[in-house]
Amino acid sequence: MSVCPESEHSTVIRFENVTKVYARGARPALDRISLDVERGEFVFLVGASGSGKSTFLRLVLREERASAGKVFVAGKELGTLSSWKVPALRRQIGAVFQDFRLLPNKSVFENVAFALQVIGKPRHQILTTVPDVLEMVGLAGKEKRRPHELSGGEQQRVAIARAFVNRPPILLCDEPTGNLDPTTSLGIMRLLDRINRTGTTVLMATHDDEIVDQMRKRVVELSTGEMVRDQSRGVYGSDR
Ligand SMILES: Nc1ncnc2c1ncn2[C@@H]1O[C@H](COP(=O)(O)OP(=O)(O)OP(=O)(O)O)[C@@H](O)[C@H]1O
């Protein structure tokens with residue numbers, strides 16, 4: 001197995017000349033992307049629909065493999081990573097999506113606890129960890145509710161709690177505010193910012209220009225699979 005050539009300790013995601021082609025003859029969804037994300041960074045991935053943002057996130061999760069080039073996550077090269085090691089890789093990555101993806105028949109508590117049960121955490125640990133993370137995301141007192149008894153913003157907080165409960169070093173967010181109004185979105189961003197300040201690297205794909213402009217974090221822009229901008233403390237549109 002090859003290991004990331006840079007210091008494993010600071011670079012958490014590295015793309016080396018990565019191309020992804022889904023179907024033979026199709027134009028690349030990602031075209032020769034090279035990028036390093038350091039531990040503790042907050043990175044926005046922006047670009048029009050179809051520019052390759054979700055493909056980028058899927059490569060990090062090893063849901064897809066690069067057609068050419070190398071992807072390193074947490075020091076591991078994903079092209080040569082054995083399939084039996086993929087679950088351990090994914091334990092290092094929390095993921096949050098636009099559509100929340102909660103289990104509808106489970107309570108808030110159970111939705112978050114489930115993430116710990118599947119990785120074999122003991123019951124006593126689950127009983128102390130879940131209330132802590134629910135408190136952190138602002139859902140103390142709502143443990144027994146089902147997802148349909150919560151607002152969209154609250155449902156996204158449950159999804160974030162579930163993604164973060166195991167304290168992964170990396171949090172991937174694919175349009176996490178896409179279904180939320182601006183005020184609720186701001187609350188979600190404050191929460192992601194807090195999580196980032198604990199040292200977790202956050203990589204967030206978004207179309208939400210107001211949020212990108214307010215947060216002033218690193219902005220990586222894709223356009224039809226090519227990286228056209230990588231700006232520290234950037235804004236959504238490069239012309240502003
Ligand atoms: N599973 C797939 N099979 C074939 N082509 C795909 C697949 N997934 C994505 N694509 C293509 O790859 C390109 C990039 O898509 P991707 O979903 O990564 O873009 P995106 O920037 O996330 O878009 P959106 O903002 O709409 O989610 C598009 O041309 C898309 O049609």
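Indexing begins at 1, ligand by ligand and atom by atom, following the structure's order.
Nearest to atom 19 (O) of ligand 1 among the protein's heavy atoms is Gly52 N, 3.2 Å. Among all non-hydrogen protein atoms, the one lying nearest atom 8 (N) of ligand 1 is Arg58 NH2, 3.1 Å. Taking atom 14 (C) of ligand 1 as the reference point, the nearest protein heavy-atom neighbour is Gly50 O, 3.3 Å. Among all protein heavy atoms, the one lying closest to atom 15 (O) of ligand 1 is Thr55 OG1, 3.9 Å. Looking only at heavy atoms of the protein, atom 25 (O) of ligand 1 is closest to Lys53 NZ, 2.8 Å. The protein atom (non-hydrogen) at minimum distance from atom 12 (O) of ligand 1 is Ala29 CB, 3.3 Å. The protein heavy atom nearest to atom 4 (C) of ligand 1 is Tyr22 CB, 3.3 Å. If you check which protein heavy atom lies closest to atom 26 (O) of ligand 1, you get Ser49 OG, 2.5 Å.
Contact annotation for His207 and ligand 1: only side-chain heavy atoms (C-beta onward) come within less than 4.0 Å of the ligand.
Phe44 and Tyr236 have their aromatic ring centers separated by at least 6.0 angstrom.
Side-chain contact, Ser67 with Tyr22: no donor N or O sits under 3.5 Å from an acceptor N or O.
Comparing heavy-atom distances from atom 17 (O) of ligand 1 across Ala26, Ala205, Ser54 singles out Ser54 as nearest.
For the pair Val202 and Cys173, the minimum side-chain heavy-atom distance is below 4.5 Å.
Less than 4.0 angstrom separates some heavy atom of Ala48 from each of these atoms of ligand 1: 21 (O).
Judged by the 6.0 Å and 45° rule, Lys106 forms a cation-pi pair with Phe114.
Checked for salt-bridge contact, Lys53 and Asp174 miss the test: no charged N lies under 4.0 Å from a carboxylate O.
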**Study point:** Full working for side-chain contact (heavy atoms from CB on, under 4.5 Å) between Ile13 and Phe72
**Key:** CA-CA 6 Å; Ile13 299 170; Phe72 298 89; over 6 Å; no
